[in-house]
Amino acid sequence: MRRIFTLAWFIAKDFFRSWQSFVPLTLALTFYGLAFQYGATPAYFAAVTPVAMIVITIVTVLLLAGRCNRAASYPLIARLRARSEMLLAVVLTALALTLVLTTLVTGMALWQDKFTTPLTGREWVLLALIWPCLFLCAGFFGLLLTNLTSRGSSHIMVYALIAALAAVYDYQFELTQAGQNFLLAVWRRILDPFSITLTPFSSANLLQGALLVLGYAFLCFIVADWLFARKDLVWSE
C-alpha cells in the first residue's frame with residue numbers, strides 16, 4: 001500500500017506540472033456555474049453533483065493514464081512488483097482530486113447560500129459515504145477507456161457499450177412497443193445500482209446499491225488489470 005501511495009504522489013506531481021491539470025478544475029467550475037445558477041434542492045444536489053464529478057473522474061483518469069503511457073514511464077513500470085500498482089495509483093490520484101473538487105463545489109454552494117433547503121446531518125453523512133463509491137467505480141471504469149490498458153482496441157468496445165446503453169435509453173418506448181421487454185429489463189438491472197445511489201434520500205435499498213457499485217468497480221479493476229498485465233506496451237512517443 002505504501003508503494004501505491006508513493007507512486008500516486010509521483011503521478012500527481014507529474015500531472016500538476018502539465019497544463020492538463022487545469023482541465024478537471026475548469027470542468028468543476030463550469031459545472032458549478034451552470035448547475036447552481038438558480039439554487040438547488042437537496043435532491044437535485046445529490047443527483048446532479050455526483051454525475052458531474054463522475055465525468056470529471058473519468059476525464060482525470062484518461063489524462064493521468066495518457067501521461068503514464070509514455071516512454072519516460074518505462075523505468076518506473078519496470079521496477080513495479082505488479083503493473084496493477086500503477087493502475088491503482090492512477091485511480092487513487094483521480095479519486096483524491098475528485099474529492100477535493102467535490103469539496104470545493106460544495107463549499108462554494110454553501111458559501112453563496114445556493115441551497116433552497118439546508119441538508120440535514122444525516123443527508124450529509126449519506127453523501128459522504130455514497131459518493132466515494134461512485135467516484136471509485138468511475139475511476140476503475142475509466143481505466144477501460146484508456147490506451148494504457150487497451151489490447152486490440154478493447155477500449156473501443158467499451159465506448160461501443162456506452163453508446164449501446166445510451167441508445168437503449170433513447171429508444172425505451174420503441175423497444176417496449178416492439179416487445180423487447182427482456183432487453184429493457186437487463187438494461188435496468190445493470191443501471192439500477194446507479195439509479196439507487198443517485199437518489200440516496202429516497203432509495204430503500206441504498207446499502208445494496210452501494211455494494212453493487214463497489215462490485216462493478218472491482219470487476220472493472222480485474223478486467224483492466226488482466227488487460228494491462230498481458231499487454232506489450234507500445235509507447236505513444
Side-chain angles (χ1 to χ4, degrees), residues 1-25 27 50 53-103 128-159 161-162 210-237:
M1 184 60 69
R2 182 179 177 182
R3 293 168 59 88
I4 294 173
F5 278 105
T6 302
L7 183 56
W9 177 249
F10 174 83
I11 292 173
K13 288 196 298 182
D14 176 71
F15 181 63
F16 284 112
R17 293 192 187 103
S18 167
W19 63 268
Q20 294 177 342
S21 60
F22 291 102
V23 174
L25 177 61
L27 291 176
M53 293 303 158
I54 284 171
V55 173
I56 291 174
T57 303
I58 293 175
V59 170
T60 305
V61 168
L62 291 171
L63 294 173
L64 292 171
R67 295 191 64 79
C68 291
N69 192 31
R70 300 177 300 164
S73 301
Y74 175 78
L76 185 62
I77 293 181
R79 296 182 62 184
L80 297 178
R81 295 176 182 174
R83 291 184 181 181
S84 59
E85 293 179 345
M86 172 161 282
L87 300 183
L88 290 171
V90 167
V91 172
L92 180 62
T93 305
L95 178 63
L97 181 56
T98 302
L99 291 175
V100 169
L101 293 176
T102 303
T103 303
L129 294 175
I130 297 300
W131 283 2
C133 299
L134 290 168
F135 302 157
L136 189 65
C137 183
F140 284 124
F141 180 75
L143 290 175
L144 300 177
L145 299 173
T146 66
N147 286 323
L148 180 65
T149 62
S150 178
R151 289 183 61 199
S153 300
S154 61
H155 65 299
I156 302 299
M157 297 175 62
V158 181
Y159 282 109
L161 175 62
I162 296 174
L211 291 176
L212 286 173
V213 168
L214 290 176
Y216 285 160
F218 180 71
L219 178 62
C220 289
F221 169 69
I222 292 298
V223 175
D225 181 43
W226 182 82
L227 291 171
F228 191 44
R230 292 160 176 78
K231 178 180 178 180
D232 292 328
L233 298 180
V234 178
W235 305 108
S236 58
E237 58 183 35

### Message
side-chain contact (heavy atoms from CB on, under 4.5 Å), that's the test. Do Ile56 and Val23 meet it? Break it down for me.
### Response
CA-CA 9 Å; Ile56 291 174; Val23 174; over 6 Å; no

### Message
Using side-chain contact (heavy atoms from CB on, under 4.5 Å), reason through Phe141 and Val61 one step at a time and then give a plain yes or no.
### Response
CA-CA 9 Å; Phe141 180 75; Val61 168; over 6 Å; no

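Atom SG of Cys68 is separated from atom CG of Asn147 by 13.0 Å, given to the nearest 0.5 angstrom. Considering CG of Leu145 and CD1 of Ile58, their distance stands at 6.5 Å, rounded to 0.5 Å. Distance check: Met86 CE to Leu64 CG gives 10.5 Å after rounding to the nearest 0.5 Å. Once rounded to the nearest 0.5 Å, the distance linking OG1 of Thr60 with CD of Gln20 reads 10.5 Å. The distance from the SG atom of Cys133 to the CG atom of Leu214 is 4.0 Å, given to the nearest 0.5 Å. With values rounded to the nearest 0.5 angstrom, Leu134 atom CG is found 12.5 Å from Tyr216 atom OH.
Contact of the Phe218 side chain with the Cys137 side chain is not registered, since no non-hydrogen atoms from C-beta on lie closer than 4.5 Å. Annotation: side chain of Phe221 is in contact with side chain of Leu88 (closest heavy-atom distance under 4.5 Å). Using a 4.5 Å cut-off on side-chain heavy atoms (C-beta onward), Trp131 and Met53 make no contact. Contact annotation: the side chain of Leu27 never approaches that of Phe22 to less than 4.5 Å [non-hydrogen atoms, C-beta and beyond]. Put simply, the side chain of Val91 does not reach to within 4.5 Å of the side chain of Thr57, judged on heavy atoms. In this structure the side chain of His155 never reaches within 4.5 angstrom of the side chain of Leu144, judged on heavy atoms. Contact of the Phe15 side chain with the Thr93 side chain is not registered, since no non-hydrogen atoms from C-beta on lie closer than 4.5 Å. Side-chain contact between Phe140 and Leu219: absent, with no pair of heavy atoms (C-beta onward) separated by less than 4.5 Å.
Of all heavy-atom pairs spanning Gly142 and Leu62, the tightest one is O-CD2, 4.1 Å. Smallest separation of non-hydrogen atoms from Ser84 and Asp225: CB-OD1, 3.1 Å. In terms of heavy atoms, Pro132 sits closest to Leu95 at O-CD1, 4.2 Å. For the pair Ile4 and Ala89, the tightest heavy-atom approach, listed with the atom from each and the gap, is O-CB, 3.8 Å.
Side chain of Thr149 to main chain of Leu143: a donor-acceptor pair is present (N/O by atom type, distance under 3.5 Å, no hydrogens or angles). Ser154 places no side-chain N or O within 3.5 Å of a backbone atom of Ser150 that could act as its donor or acceptor partner.
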